[in-house]
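Naming: A, B, ... by sequence-line order, numbering from 1 per chain.
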Amino acid sequence: MPELPEVETVRRGLAPAMEGRIIEKLELRRADLRFPFPRDFSNAVKGKRIEALGRRAKYLLIDLEDGMTIVAHLGMSGSYRVEADGAAETPGDFHLPRNAAAAHDHVIFHLEDGRVIYNDPRRFGFMKLVARAGIESDASFKGLGPEPTGNSLDADYLATRFAGKTQSLKAALLDQRNIAGLGNIYVCEALWRAELSPFRAAGHLVTPAGRPRAGLTRLVPAIRDVIAEAIEAGGSTLRDHRKTDGTLGYFQHSFSVYDRTGAPCRHEGCDGTIARAVQTGRSTFYCPACQKG
DNA sequence: ACTGGATCCTGCCTGC
DNA sequence: TGCAGGCAGGATCCAG
């Protein structure tokens, strides 16, 4: 599921249940996810209070009182759910009986007043423990580009990154070193909004003098807006992913191109049909009629 | 240096 | 109905 808006939605969902709580026990139900868990992981966090939940790109950051941070990535299929002690059953069929472990529940945070459970069928996610001081030099964060919602993302910055690149715009936007947090869905959506071809070389949007062309100037607000709107909607819900309280995100109803092959383009006055192509092994959804820039 | 492909893993959907 | 094949929100490693 998780691109930036989904991870941010997870962070907001978990914060009320985790911040200020002590990790009474960290239960690891297997030895690894994508990578082995940190050596002595459970003991290292046992008894520590969680100060705050943060996010950088698609990484969830669980700040502990001792200056360490649990860096958690949800991979493709990771999700969290909260089970509060003594809470009434939420209507609907999602919640399991208390204390019943579901398939692919790999990590359970036992807190003072409930549990937070990490589930990840494909196990592409991972968790590691990093010292907060100097976290930016950790391999996961070094070289990471700016957040798409922050002020440091602008057309001039992207021009410096894209200048001379023969790589497609699609691939360049998926590269976390250029912008951190975009994934396949929101790259497709942003390119559609800016009416830019996903196949165009990234360098094409930069003048020989290194200035952003009009298309690149359009792209920045397209990215900002689609990410902001998706966060506002609580992220997208694809397949079986849900928010931490078991409810659904809504942004998938707002997709303009993603997974809409054969549907009419929603740009006013465009009579194009959404098409699917494969670029660097990933599906690209786009409108061949209006995404020509 | 830059680029694209292969890879990790399970589940679900489609088509035969 | 069963089964094989393709595909899925990501990041990293490797070869050309």
**Q** Salt bridge or not between A:Arg56 and A:Glu147? Use side-chain N to carboxylate O under 4.0 Å.
**A**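 Between A:Glu147 and A:Arg56 there is a salt bridge, with a charged N closer than 4.0 Å to a carboxylate O.
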**Q** Mind calculating the distance between CD (A:Gln252) and P (C:dG9) to the nearest angstrom?
**A**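 Interatomic distance, CD of A:Gln252 to P of C:dG9: 14 Å.
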**Q** It should be established whether A:Gln167 places a side-chain nitrogen or oxygen under 4.0 Å from OP1 or OP2 of nucleotide B:dT3.
**A**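 Yes, such a contact exists.
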**Q** Decide whether A:Arg266 and A:Ser256 meet the rule of one side-chain donor and one side-chain acceptor closer than 3.5 Å.
**A**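 The answer is no; no qualifying pair exists.
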**Q** Distance check: side-chain N/O of A:Thr166 vs OP1/OP2 of B:dT3, anything under 4.0 Å?
**A**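 Yes, within the criterion.
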**Q** So do A:His73 and A:Ser140 actually touch side chain to side chain, heavy atoms under 4.5 Å?
**A**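 A:Ser140 vs A:His73: side chains apart.
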**Q** Wobble G-U and Watson-Crick pairs count when both distances are under 3.5 Å; given that, what is the 5' to 3' dot-bracket string of DNA chain B, with | for pairing to other strands?
**A** .|||||||.|||||||
**Q** Counting the atoms with a prime plus P, OP1 and OP2 as sugar-phosphate, which does A:Arg276 contact under 4.0 Å by heavy atoms, base, sugar-phosphate, or nothing?
**A**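 Result for A:Arg276 = sugar-phosphate.
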**Q** Sticking with atom P, work out how far B:dA1 lies from C:dA11, rounded to a whole angstrom.
**A**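 Taking atom P in both B:dA1 and C:dA11, they lie 23 Å apart.
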**Q** Kindly determine whether A:Phe255 and A:Phe285 satisfy ring-ring contact (aromatic ring centres under 6.0 Å, His included), including the steps that lead there.
**A** CA-CA 10 Å; A:Phe255 291 162; A:Phe285 300 92; 9.4 Å; no
**Q** In terms of side-chain heavy atoms of A:Ala171, which of C:dA8, B:dT3, B:dG4 is nearest?
**A**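 Taking heavy atoms from C-beta onward, the closest nucleotide is B:dG4.
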**Q** Give me the one residue out of A:Glu24, A:Glu27, A:Glu83 that meets salt bridge (Lys or Arg N to Asp or Glu O under 4.0 Å) with A:Arg115.
**A**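 Of all the options given, the one that passes is A:Glu83.
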**Q** Measure the shortest side-chain to side-chain distance between A:Ile22 and A:Arg49 over non-hydrogen atoms and say whether it is less than 4.5 angstrom.
**A**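 Yes, at least one pair of side-chain atoms sits under 4.5 Å.
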**Q** Which nucleotide in the list C:dG10, C:dA8, B:dG5 gets nearest to the side chain of A:Thr280?
**A**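 Looking only at side-chain atoms, A:Thr280 lies closest to B:dG5.
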**Q** Using atom CZ of A:Arg177 as one end and atom C1' of B:dA1 as the other, report the distance to the nearest whole Å.
**A**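 The distance from CZ of A:Arg177 to C1' of B:dA1 comes to 10 Å, rounded to the nearest Å.
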**Q** Could you please name the option among C:dG9, C:dA11, B:dT3 that lies closest to any side-chain atom of A:His73?
**A**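 My answer, after comparing the listed nucleotides, is C:dA11.
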**Q** Check whether any side-chain heavy atom of A:Tyr286 sits under 4.5 Å from a side-chain heavy atom of A:Val257, and report yes or no.
**A**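 The answer is no, as the side chains (C-beta and beyond) never meet within the 4.5 Å cut-off.
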**Q** I need the CZ-C1' distance between A:Phe199 and B:dT3, as an integer number of Å.
**A**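 The distance from CZ of A:Phe199 to C1' of B:dT3 comes to 17 Å, rounded to the nearest Å.
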**Q** More than 12 non-hydrogen atoms from neighbouring residues, nucleotides or ligands closer than 6.0 Å to CD on A:Glu136, yes or no?
**A**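 Correct, the count exceeds 12.
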**Q** Specify the separation, in whole Å, of atom CG of A:Leu4 and atom C1' of C:dA11.
**A**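 It works out to 16 Å between those atoms.
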**Q** Establish, with yes or no, whether the OP1 or OP2 oxygen of C:dA11 is under 4.0 angstrom from a side-chain nitrogen or oxygen of A:Gln176.
**A**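 The answer is yes; a side-chain N or O of A:Gln176 sits under 4.0 Å from OP1 or OP2.
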**Q** When the P atoms of C:dC13 and B:dC9 are considered, how many whole Å apart are they?
**A**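 Going atom to atom, P in each nucleotide, I get 16 Å.
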**Q** Specify the separation, in whole Å, of atom CD of A:Gln279 and atom P of C:dG10.
**A**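 After rounding, the reported distance stands at 14 Å.
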**Q** Looking at A:Lys58, I'd like to know whether one of its side-chain N or O atoms comes within less than 4.0 Å of OP1 or OP2 on C:dG9.
**A**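 For A:Lys58, the contact criterion (side-chain N or O under 4.0 Å from OP1 or OP2 of C:dG9) is not met.
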**Q** Round to a whole Å and report the spacing from CG of A:Leu74 to P of C:dA8.
**A**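 Distance check: A:Leu74 CG to C:dA8 P gives 20 Å.
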**Q** Starting at atom CD of A:Glu6, determine the distance to atom C1' of C:dG10, rounded to an integer number of angstrom.
**A**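 Atom CD in A:Glu6 sits about 12 Å away from atom C1' in C:dG10.
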**Q** Rounded to whole angstroms, how far apart are CZ on A:Phe35 and P on C:dA11?
**A**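 That distance rounds to 11 Å.
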**Q** Dump the intermediate steps for side-chain contact (heavy atoms from CB on, under 4.5 Å) on A:Phe141 and A:Leu61, then the final yes or no.
**A** CA-CA 12 Å; A:Phe141 302 96; A:Leu61 308 176; 3.8 Å; yes
**Q** Does a salt bridge link A:Asp138 with A:Lys128, judged by any charged N lying under 4.0 Å from a carboxylate O?
**A**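 A:Lys128 and A:Asp138: salt-bridged.
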**Q** Do any side-chain nitrogens or oxygens of A:Tyr59 fall under 4.0 Å of OP1 or OP2 in C:dG10?
**A**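 Answer is no, no contact under 4.0 Å.
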**Q** Is the shortest side-chain N/O distance from A:Arg282 to OP1 or OP2 of B:dG4 below 4.0 Å?
**A**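 False: A:Arg282 side-chain N/O out of range (4.0 Å or more) of B:dG4 OP1/OP2.
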**Q** Given B:dG4, C:dA11, C:dG9, which nucleotide is nearest the side-chain atoms of A:Asn184?
**A**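 For A:Asn184, the side-chain atoms sit closest to C:dG9.
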**Q** Using a cut-off of under 3.5 Å, enumerate the N/O to N/O pairs linking the protein to nucleotides 7-9 of chain B.
**A**
from, atom 1, to, atom 2, distance (Å)
B:dC9, O3', A:Arg123, NH2, 3.3
B:dC9, O2, A:Arg122, NE, 2.9

**Q** Taking NZ, NE, NH1 and NH2 as the nitrogens, is one of them in A:Arg21 or A:Asp113 under 4.0 Å from a carboxylate oxygen of the other?
**A**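 Salt bridge between A:Arg21 and A:Asp113, a charged N being under 4.0 Å from a carboxylate O: yes.
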